[in-house]
Amino acid sequence: MVDHFWLVLVCLTLLSVGCTSPREWIANGFKVGPEYCTPCVEVAEDWIDADDRRILSDPVDHAAWWTSFNDPVLNQLVAEAYRQNLTLREAGERISEARALRAITVGNVFPQQQDVSASYSHNLPTGTGFDRHFSTWTSSFNLAWELDFWGRYRRAVDAADADLESTVYDYGDVVVTLVADVAATYVDIRTLQTRLELAKRNVENQRNTYELTENLFLGGELSDIDVQQAKSSLAQTETLIPQLQVTLRQTQNQLCVLLGIPPRDLIARLGEGDIPTVAPDVALGIPAATLLQRPDVRRAERELAAQSALIGVAESELYPIITLRGNVGVAANQFDDLFRNGSSFGSIGPSLRWNILNYGRILNGIDVQDARLRQLVHRYRQSVLLANLEAENAIIQFLKSQVQLKLELEAAKAADKTNELITLQLKEGEADINRVFNVQNFKTQQELSAALTKGEVAQSLIAIYRALGGGWPSPFLGEAIVEINPVSEPKEAEEETADLEQLPPPNPEEELPQEPAPAA
């Protein structure tokens, strides 16, 4: 009892020369260094356009947001991309790496040196004849255990836990980006298909006008200038088709890379389809409840937690290192005597090492870790600001593009009606030929613009879900996933590892799934 009293007294005295007070050391579970807590961060109380009736504050699960498009082809593409995308598989392997590194760190809490040694030597004493030789046989078990009085290894485990969680959220960030990219690329393909079909229709309409002007020219009602102008207008519209075809092929190739397959023609598989139509309203919840749950924001917070633990690791260098050393073994001149009475030996006892002349280096090392912590605090808060920025930009784009689409559809409808009327007048010889060309060119441009804007409405909704971290936790993980809350009370190391083991990353060793058959 007296020995324990003196041990505690010595520990408290040593703490007085460090950065952590005895009270903090005890409150932290006998660990030096700061005890981590999530820093405060400024988040907008509500969305800028919260008063708009299309913005709903209802909390909604955005894990499978792409299903709101009601498009089976898109659903299939997202599922396939999750299984096969190589960037996602790489992120999954980073989780495996972090798990292994954490296991190594946990191993340091236990005796750091545990080894068995054995030796044999044939000895000839100096100044003796060759007949006075003798042998020595030895075998021993050695152990060295640096006792974690100051929490050096436990802080390292805290850092490894946070690093492991950050890789999980990095994986989640890749999932969010991947799903959004697949959906955005799919919308681009449907938009290009629609614009290509509209361009072909307008080419056919202008070809009819060109043929009509030729007939009127042969009848003496129009000049050759009018015919050449009609031909020029037709050729100008025809140039849109190869441009759109090139962009469509390039967009397909990009989708192939997202799917983890070599570029190929996907038209037969995707078939023809309309630009996805979205609902006019969207549920966003409140900023604090959504933005702080983005995986990239939570990754930044976990990196901050890991760095906080590293300060404790650096501070532990201020204090003496107490190591318990011991060994047991046997030694004899003859192998047969190795395990007989009197051949055994052993020793056990503590040792102390204290870097008393290196405080300048150690203190500056602590300052380095502390400066890195402050950097990560700013990075964490900046990530929240950028998340808010992305969300607000997507929201205003979503709201105003709907208004723009309504006006452009009205303009396209009016342009189509004008084209019908002026074509009828041309057939009756009453229309100004220049006005005919202007009307048809405007009709082409307006219809293509309306299709592009309809695609932008869908793209802005995708951008909203991307900004809110939609797609994570991934529904493809099923019931196995365990949500990790960075602001919850820290769990025991074994419990944390058990939770993370339930999050299987894609296995790069498995065979790639075959490309599904074309959709019906």
Side-chain angles (χ1 to χ4, degrees), residues 43-44 47-49 54-71 74-75 77-82 85 87-88 91 168-191 251 254-255 257-259 275-301 380 382-402 452-477:
V43 185
W47 308 107
I48 297 175
D49 298 291
R54 293 169 291 177
I55 300 300
L56 308 179
S57 59
D58 303 334
V60 177
D61 182 9
H62 297 309
W65 58 264
W66 58 89
T67 58
S68 63
F69 287 104
N70 297 317
D71 192 320
L74 176 58
N75 296 343
L77 292 174
V78 171
E80 183 177 343
Y82 181 81
N85 181 265
T87 302
L88 185 59
V168 173
Y169 292 128
D170 177 66
Y171 178 88
D173 188 34
V174 175
V175 171
V176 170
T177 302
L178 172 63
V179 172
D181 285 347
V182 170
T185 306
Y186 177 76
V187 170
D188 282 340
I189 289 175
R190 292 308 189 199
T191 302
T251 308
Q254 179 62 33
L255 180 59
V257 173
L258 293 173
L259 297 178
I275 302 172
T277 302
V278 302
D281 52 23
V282 59
L284 302 178
I286 59 175
T290 53
L291 298 179
L292 294 182
Q293 300 305 312
R294 276 181 39 153
D296 60 328
V297 172
R298 300 181 74 174
R299 177 188 61 203
E301 188 275 334
Y380 170 59
Q382 179 73 358
S383 68
V384 176
L385 287 179
L386 293 178
N388 206 334
L389 169 67
E390 293 174 7
E392 290 291 358
N393 287 348
I395 290 170
I396 189 62
Q397 179 67 28
F398 177 69
L399 297 177
K400 298 307 178 183
S401 60
Q402 292 184 57
L452 184 61
T453 303
K454 185 177 181 180
E456 289 177 352
V457 173
Q459 294 284 14
S460 61
L461 182 60
I462 294 172
I464 288 177
Y465 288 124
R466 185 198 298 261
L468 299 182
W472 180 257
S474 173
F476 300 110
L477 292 173

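In this chain, residues are counted from 1 in sequence order.
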Please round to the nearest 0.5 Å and tell me the distance separating atom [atom1] of [X] and atom [atom2] of [Y].
X      : Y      : atom1 : atom2 : value
Leu461 : Gln397 : CG    : CD    : 11.5 Å
Leu77  : Tyr186 : CG    : OH    : 7.0 Å
Ile395 : Ile55  : CD1   : CD1   : 5.5 Å
Trp472 : Gln293 : CH2   : CD    : 12.5 Å
Ile275 : Ile189 : CD1   : CD1   : 12.5 Å
Gln382 : Leu389 : CD    : CG    : 9.5 Å

- Would you call the rings of Trp66 and Phe476 parallel, tilted or perpendicular if under 30° counts as parallel and over 60° as perpendicular? parallel
- Hey, can you tell me if Tyr465 and Trp65 have their rings parallel, tilted or perpendicular (30° and 60° cut-offs)?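 Geometry flag for Trp65 against Tyr465: parallel rings.
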Return the minimal non-hydrogen interatomic distance between [X] and [Y], and the atom names on each side.
X      : Y      : value
Trp47  : Ala391 : CZ3-CB, 3.7 Å
Pro473 : Ala63  : O-CB, 3.4 Å
Val175 : Ser474 : CG1-CB, 4.2 Å
Gly470 : Val176 : O-CG2, 3.5 Å
Arg298 : Leu292 : CG-O, 3.4 Å
Ala458 : Pro276 : CB-O, 4.1 Å

- Task: Given side chain to side chain contact (heavy atoms under 4.5 Å, CB included), test Leu284 with Ile464 step by step and report yes or no.
- Result: CA-CA 9 Å; Leu284 302 178; Ile464 288 177; 3.5 Å; yes
- Message: Is there a side chain to side chain contact (heavy atoms under 4.5 Å, CB included) between Leu259 and Asn85? Walk through the geometry before answering.
- Response: CA-CA 5 Å; Leu259 297 178; Asn85 181 265; over 6 Å; no
Taking the side chain as everything from C-beta on, heavy atoms only, tell me whether [X] gets closer than 4.5 Å to [Y].
X      : Y      : answer
Leu178 : Thr87  : no
Thr67  : Asn75  : yes
Arg54  : Leu399 : yes
Tyr169 : Asp296 : no
Leu468 : Arg294 : no
Val297 : Leu291 : no

- Applying side-chain contact (heavy atoms from CB on, under 4.5 Å) between Val182 and each of Ile462, Val187, Leu255, report the one that passes.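 Answer after filtering Ile462, Val187, Leu255: Leu255.
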- Only counting residues at least two apart or in another chain, list the ones meeting side-chain hydrogen bond (donor to acceptor under 3.5 Å, both in side chains) with Glu392.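 Not a single residue meets the side-chain hydrogen bond (donor to acceptor under 3.5 Å, both in side chains) criterion with Glu392.
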- Residues in side-chain hydrogen bond (donor to acceptor under 3.5 Å, both in side chains) contact with Asp181, at least two apart in sequence or another chain: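 Only Arg466 meet the side-chain hydrogen bond (donor to acceptor under 3.5 Å, both in side chains) criterion with Asp181.
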- Message: Checking the side chain of Thr177 only, and the main-chain atoms of Val174 only, is there a donor and an acceptor separated by less than 3.5 Å?
- Response: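 Not at all, since once roles are kept as given, no pair shorter than 3.5 Å links the two residues.
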- Step by step, would you call Lys454 with Thr191 a side chain to side chain contact (heavy atoms under 4.5 Å, CB included)? CA-CA 8 Å; Lys454 185 177 181 180; Thr191 302; over 6 Å; no
- Message: Enumerate the side-chain hydrogen bond (donor to acceptor under 3.5 Å, both in side chains) contacts for residues 455-464, please, sequence neighbours excluded, ordered by first and then second residue.
- Response: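 Qualifying pairs: Asp188-Gln459.
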- Message: Test side chain to side chain contact (heavy atoms under 4.5 Å, CB included) on Leu56 and Val282; report intermediate values, then the result.
- Response: CA-CA 6 Å; Leu56 308 179; Val282 59; over 6 Å; no
